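Let me begin by presenting the structure, written as structure tokens, before commenting on it.
On a predicted model such as this, the values are computed, not experimentally measured, just so you know. Numbering of ligands and ligand atoms starts at 1, following listing order.
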Amino acid sequence: MPGTLSFDDLKSRVTDGTIDTVLVCLIDMQGRLMGKRFHAVNFVESSYKETHCCNYLLATDLEMATPDGYASTSWQAGYGDYVMKPDLGTIRLIPWLEGTAMVLCDVIDHHTHEPVPHSPRAVLKKQIARAEAMGLDVMMATELEFFLFEKSFDQIRKEGFRDLEPISGYNEDYHILQTTKEENVMRPIRNHLFAAGLPIENSKGEAEAGQEELNIRYDKALNCADHHTIAKHAIKEIAWQNGHAATFLPKWHQDRVGSSSHVHQSVWKDGEPLFYDKSDKLGMSELMKNYMAGLIAYSSDYTYFLAPYVNSYKRFAKGSFAPTKAVWSVDNRTASFRLCGDGTKSVRVECRIGGADMNPYLAQAAMLAAGLKGIEDKMELAPAAAGDAYVNEIAKDVPRTLNAAMDTLKNSAFLREAFGDDVVDHYTRAAEWEQEEFDRAVTDWEVARGFERA
Ligand code: ADP
């Protein structure tokens, strides 16, 4: 892909003066890029080996608070440093910022020099290594849905996030006319990301006023998560550069459709699709059936990683295209797991539970762990559900609140085995803190409902 650079390419661009800044970034618990802006000369001379950051970056919330209760770090432990180790295979141009390149880092413990187990890239790498040890290459694609707004982030914040106006006035699902009016933002998003080495497939209008979707070609799971993270970041920056705001909040208004991030998954070996078996009616191999059985059986255990905030659960509603039932179905958008490309070599499963706010590393790792468990235990796939899954009375519900998903996460023997107790405890604490913060808040709804009438 154009835009991806070897370390030598970067060095020559620094020497000829076309690159003067390198963004050195880790991925935090929320799936955001955090890090430092290096002068490119310093980076190529020394900092390419490693740099440092405060270890609270992997123990904070969206607002950078420092909650207690994490075993990994605390005020008591003095909030020391982690090593940020640049992964030189991820160097790329950042064409929407002048003279700038970016590298993603793995997070390493200062003392043991081992990966920090709860760092999102390490969590995913561990499951990929498991798959590789079983002789499997995992390919994934995450769809990015979001809303564009007329005003900028700063204006919206100053106005108290009130009277939000999306960039368009009507449902623009697949609309060419309306999306033409948004090309001042969407065209640079597609083109800059492509020039940064992301295999962009397309963007389209989604099923609500101001809602957009960006599709990136499927890739190895780690690349997919890297691409998702960079794309999400770029969408916000490019929207900002054009005087607009982009939100990945799963539900910004109770009467508007929510934003999801569907995850397509398939397993390959030496370029051959192991999910495909042409003798099967739907083209599904036994391995695929086992994988899907694991995905479905453990879906409540890992829902937290697909829906990490209180707001994430506002998306799950009947008739909304966001699923409520843990069943699979053939090309049916009411089920949590949709079989796509049936009967062809691109046969794959799409998980529709994830919200636009998910951390793609954690979400992919959790689903991969469930699929691998299904393969290891040769789990049997139940028959496909048919019709409207929202009214399927025998199907298991997807957890409907953060509290419920936190409970299933905390008590998941499967995730404790796959991720390790320390990782599960870490993210359980993140979920608890999110709930505690919400429980303290007095919302607009409560005030309006009870101010006069209670
Ligand atoms: P949808 O109807 O859900 O939008 P698309 O046909 O647009 O489906 O594909 C969605 C995503 O699936 C794309 O990002 C594409 O790259 C990805 N995809 C296609 N084939 C595979 C596969 N075999 N494994 C994983 N993802 C795939």
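Residue R190 is tested with E201, E213, E183 for a salt bridge (charged side-chain N to carboxylate O under 4.0 Å, His left out); the sole match is E183.
Salt-bridge check for E132 with K220: failed, with every basic side-chain N at 4.0 Å or more from each acidic carboxylate O. The pair R13-D9 fails the salt-bridge criterion, with no side-chain N (NZ, NE, NH1 or NH2) lying under 4.0 Å from an Asp/Glu carboxylate O.
Applying the 4.0 Å criterion to heavy atoms of I216 picks out, from ligand 1, the atoms 14 (O), 16 (O). Near W268, the atoms of ligand 1 lying under 4.0 angstrom from a non-hydrogen atom of the residue are 23 (N). Within the listing of ligand 1, atoms 2 (O) sit less than 4.0 angstrom from a heavy atom of R333. Less than 4.0 angstrom separates some heavy atom of S266 from each of these atoms of ligand 1: 22 (C), 23 (N), 24 (N), 25 (C). Close approach of ligand 1 to E350 (heavy-atom distance below 4.0 Å) involves ligand atoms 3 (O).
In summary, the aromatic rings of F161 and F153 are positioned with their centroids too far apart to meet the 6.0 Å limit.
Checked against a 3.5 angstrom limit, the closest N/O atoms of E143 and ligand 1 fall inside it.
Considering R217, E201, H264 only, the shortest heavy-atom separation from atom 15 (C) of ligand 1 involves E201.
Of the protein's non-hydrogen atoms, the one nearest atom 18 (N) of ligand 1 is Y218 CD2, 3.3 Å. At the shortest separation from atom 7 (O) of ligand 1 among protein heavy atoms lies N215 ND2, 4.3 Å. With hydrogens left out, the protein atom closest to atom 17 (C) of ligand 1 is A141 CB, 3.6 Å, a heavy atom. When hydrogens are left out, the protein atom nearest atom 9 (O) of ligand 1 is R348 NH2, 3.4 Å; that is the closest non-hydrogen contact.
If you look at Y276 next to ligand 1, there are no close heavy atoms at all, none under 4.0 Å. Of the heavy atoms in R352, none comes closer than 4.0 Å to ligand 1. Heavy atoms of H262 found under 4.0 angstrom from ligand 1: none, in either backbone or side chain.
By the side-chain contact (heavy atoms from CB on, under 4.5 Å) test, E286 pairs with K289, N290, sequence neighbours left out.
More than 12 non-hydrogen atoms from other residues, nucleotides or ligands lie less than 6.0 angstrom from CG of N202.
No donor-acceptor pair under 3.5 Å is formed between the side chain of H228 and the backbone N or O of N359. A donor-acceptor contact shorter than 3.5 Å links the side chain of S336 to the backbone of K325.
Contact analysis puts R338 in contact with ligand 1, with a non-hydrogen atom separation below 4.0 angstrom.
Annotation: cation-pi geometry satisfied between K204 and Y174 (NZ/CZ under 6.0 angstrom from ring centroid, within 45° of ring axis).
Taken from CD in E114 to CD1 in I108, the straight-line distance is 8.0 Å, to the nearest 0.5 Å.
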